[in-house]
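Worksheet: the structure to be examined is printed underneath.
Chain letters run A, B, ... following the sequence lines, proteins first, then strands; residues in each count from 1.
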Amino acid sequence: MSALEDQFVAEARELIRQATDNLIALERDGLSPERIDSVFRAFHTLKGSAGVVELPAMSIVLHAAEDLLDSVRHRTLGAGAEIVDAALTCLDQVSRWVDNFEAAGALPSRAGEDSRVMAQRLRSLLPRRSGERPAASVPDFPNEASQGVLPEWVSQLIAAERDEITSRMQEGPMAVTAISYEPFAGCFFNGDDPVHLMRQMPGLLAFQIEPREPFLPLADIDPYACNLRLRSISIGNRDEIAALFRLVLDQTQIISVPSEALTAAEMHVGSGSQSLICKVIEAQCELLRVPDRADELAGCIGAAARVAENALRHGQRLDLADIVGRAGTLALAQQDAGPLLSALERALAAFASPASTTAVNGGSQAASERPADRMLRVSEAKIEALVNLAGELVVARNALSYSVRQVERNLDGGEVARSIQRDRDAIDRLVTELHGSVLQLRMVPVAQLFGSFPRLVRDVARQLDKKVALVTSGETTEVDKTIMDRLFEPMVHLVRNALDHGIEDPGQRRAAGKSEAARISIAASRSGDRLLVEVTDDGRGIDPAVVRRKAFERQILPPDELAALTDEAAVDLVFSAGFSTASIVSDISGRGFGMDVVRTAIEQIGGRVSLESKVGIGTTVRLDLPMTIAMSRIMVVEAGGQSFGIAMEAVSETVRVPPERVSTIKNNDGFVLRDRVVPIVSLAELMKLPGRKRDAAEPRLLVVMEAAGRIAAFEIDAVRDRLDVVLKPMQGLLSGARGYAGTTLLGDGQVLLVLDVKEILP
Amino acid sequence: MTIRRSVEGIVVLDGVCAVEEAESLLQMLQATPGAIIDWTQCRQLHTAVLQVIMASGGSPMGPCGDVWVEQWLAPKLPQKGTAR
């Protein structure tokens, strides 16, 4: 991509974000001239840039949206939910196109069609003064029909398809065009796809396809000789249709049709296709409900999700299509049709009844009021290079420490050693500072992450018919971009869960004496070198009794262990793998959906998840995260003649235990540490290395570790060092090796394997 | 390959059926006249493939996965069960 295109992509994303924020603020706080101006300017600039990089499809859509916003700006149109929805949908489409453009350097092939359909939808929202025709339908061509030359095929087509046409007509005057297209027999060899051209016609009213000559018997047919005639009637003026068929104009006949020639009926356009789409989705639901198809389940889920998604896309419900698509992926992953079925049912309900008008009083105190930060745009790759360099420097410093020790040993505390040590200390300080400030480059305010939630909450709440106010705080808290990127998905899970399962319907809330509008808060704060993120709702909370029952049914724990759990520990079971399946989502009072996924994702980035819930009051999920994952502090230990690294966060202490404190239970050694029995594992044995002969009376050196709720002590020969290292993931042939978190270079050039304690802990 | 024959002998159209699939479809239909065509899984049909389906005179089973075809073309095909 050229520098210009790069800049376009970055700028477009920023403008889309800005416009989205302002649109939602507009809906929340009412129409203010500054806000609508700002939205309008964002669309206007986007349109301009799309023109510069020559993306006409994008320009067309944005132009239509701009017209719509201009009407809002001049108060000829209110900023209702419908308008905001349309503008947001437009931004979604543009955002997807920007992604496509970045990935492939071009828009997808169907962008032209999508753009026309969407532009038409946007324009249909424009106010019409009496007598004015919709902007797109002013005929520029002399109207052949008025001169009495409506060809016979047109009249026949109208007569044959009258029902279809009347059911799809919009009210009011409009330009209607008929086209007859007889592709050349050899057209397939030119790469033509005549039906595809027809598909791209906006506002199709009627379509016919028939053989020009009767088909030969199958045995004699040439599949690559086109023997078809395609005819259609559609909304749109002759010009637009001619532009679409510009490459095959010699094979077409295009006729403007006066709307009086058609019998108009006051039916909404697309109602026919709407019922069809509903039918398609219902059929998929039925397919999924057929029991005893475990062997074909995966295929069924995949096919049903794809068909329904396509149908919804066709019906211009890209939002629903996305939801169904995601539910499909989830259902496949869980091998359970439940999530897809419920998504389909929801989509069906949402599709059958036009979007409800529930207002979401969602609000964040986010960015919109703040003046835009002055930023210098630096590509992530450059930062990455700097981070790596600084990391290497840390390694070099470690090497120096090693040399210092060598010198000390050999020169026996000489003057040279002291001077090197002074230098080392100076480098030490500098490296630490440099590394710190380089990492700072990658620190971004969590506002970037929080920014997408007002939209998510608004959309989901509307879909569920709930009233929700979103409050965010601590947006200026900074966190490493790597952490933030990997935090997004789990956060979406949490917020969706809160909306879907945590928050009650307005009716239930009223009955419970709560305010109808629920509240979800997302708060970020810094605690030492950790980032705390809390997602809190004031919904129904999680009932420990229900969790216990479900855990029992799901056989998560044996009944006696379940009974021994405190209420807090019981609620924590929602994070267990296998706890959440679709069947319990519907009736459990609270969450449970995919919470194990959230915990796994957070633990992968070195974080912890905890949950606090009070029945009837609400639930708080607390994420405790590292600020950065670039550096890890490790302890270097020796066992079986080799060195290993252990992440310090897993180490709770190192102890020397005299042999009399070690007792052997069955074949395993263990000892008691502050009233807890800690099993002892020989690290050398675990790593299949020859153990060292030990004097029976010698105290044993143990590293006590805790991870994933388990405790154990590794027996080692020596503790070598404590280091800050840049952990490199296992690569190449070793990338699949289990039990290792990664590698790092030691001062003497040795490669150190760092253990994944969680994985190897017995 | 987006056109295949299932174990039951049904001709299944899957995903995007491009122009070059017309020939394989025709060969399958020539080999088994009157074979049932399942087009519920196909996302997009090329005109040439459609032409072979029309020429075969039958009507594929189930709603077409290509929603445009299902809406505009499927109703025009001969009623189900008339496959030769």
Exercise for the section: Answer with side chain, backbone, both or neither: which region of A:Arg199 has an atom nearer than 4.5 Å to a non-hydrogen atom of chain B? Expected result: both

Practice task
Keeping the roles fixed (side chain from B:Lys76, backbone from A:Phe207), state whether a donor-acceptor pair exists under 3.5 Å.
Solution key: yes

Exercise for the section: Give a yes or no on whether the backbone of A:Asn227 and the side-chain of B:Gln51 come within a donor-acceptor separation of less than 3.5 Å. Expected result: yes

Completion exercise
For B:Glu23 and A:Pro223 the tightest heavy-atom approach is CA-CG, 4.2 Å

Handout entry: A:Ile221 side chain near B:Val52 side chain, heavy-atom distance below 4.5 Å
Key = no

Exercise for the section: Examine whether an atom of B:Leu50 lies under 4.5 Å from a heavy atom of chain A, and if so say whether it belongs to the side chain, the backbone or both; otherwise answer neither. Expected result: side chain

Exercise for the section: Using the side chain to side chain contact (heavy atoms under 4.5 Å, CB included) rule, take B:Leu45 and A:Val195 through it: C-alpha gap first, then chi angles, then the decisive distance, then the call. Expected result: CA-CA 9 Å; B:Leu45 280 172; A:Val195 169; over 6 Å; no

Problem - A:Asp192, part contacting chain B, at a heavy-atom distance under 4.5 Å - result: backbone

Exercise for the section: Kindly check if the number of other-residue, nucleotide or ligand heavy atoms within 6.0 Å of CD1 (B:Ile10) is above 12? Expected result: yes

Practice task
Select, from A:Leu216, A:Val307, A:Ile209, the one with the greatest count of heavy-atom pairs under 4.5 Å involving chain B.
Solution key: A:Ile209

Handout entry: B:Ala48 backbone acceptor or donor facing A:Tyr224 side chain under 3.5 Å
Key = no

Problem - Contact winner vs chain B - A:Asp222, A:Leu230, A:Asn310, heavy-atom pairs under 4.5 Å - result: A:Asn310

Completion exercise
The interface call for A:Ala304 against chain B, heavy-atom contacts under 4.5 Å, is neither

Exercise for the section: Mind listing the closest non-hydrogen atom pair of B:Gln30 and A:Leu218 along with its distance? Expected result: NE2-O, 2.8 Å

Practice task
For the pair A:His196 and B:Thr47, evaluate side chain to side chain contact (heavy atoms under 4.5 Å, CB included) and give the outcome as yes or no after the intermediate values.
Solution key: CA-CA 7 Å; A:His196 189 71; B:Thr47 313; 5.7 Å; no

Practice task
Might you work through the side chain to side chain contact (heavy atoms under 4.5 Å, CB included) test for A:Leu228 and B:Met54, ending with a clear yes or no?
Solution key: CA-CA 10 Å; A:Leu228 297 171; B:Met54 288 170 67; 4.1 Å; yes

Exercise for the section: Locate the shortest heavy-atom distance separating B:Trp72 from A:Leu204; write the atom from each residue and the value. Expected result: CH2-O, 3.3 Å

Problem - Options B:Val67, B:Leu25, B:Leu73, ranked by heavy-atom pairs under 4.5 Å with chain A, top entry - result: B:Val67

Problem - Test item: B:Glu70 side-chain N/O and A:Val280 main-chain N/O as donor-acceptor pair under 3.5 Å - result: no

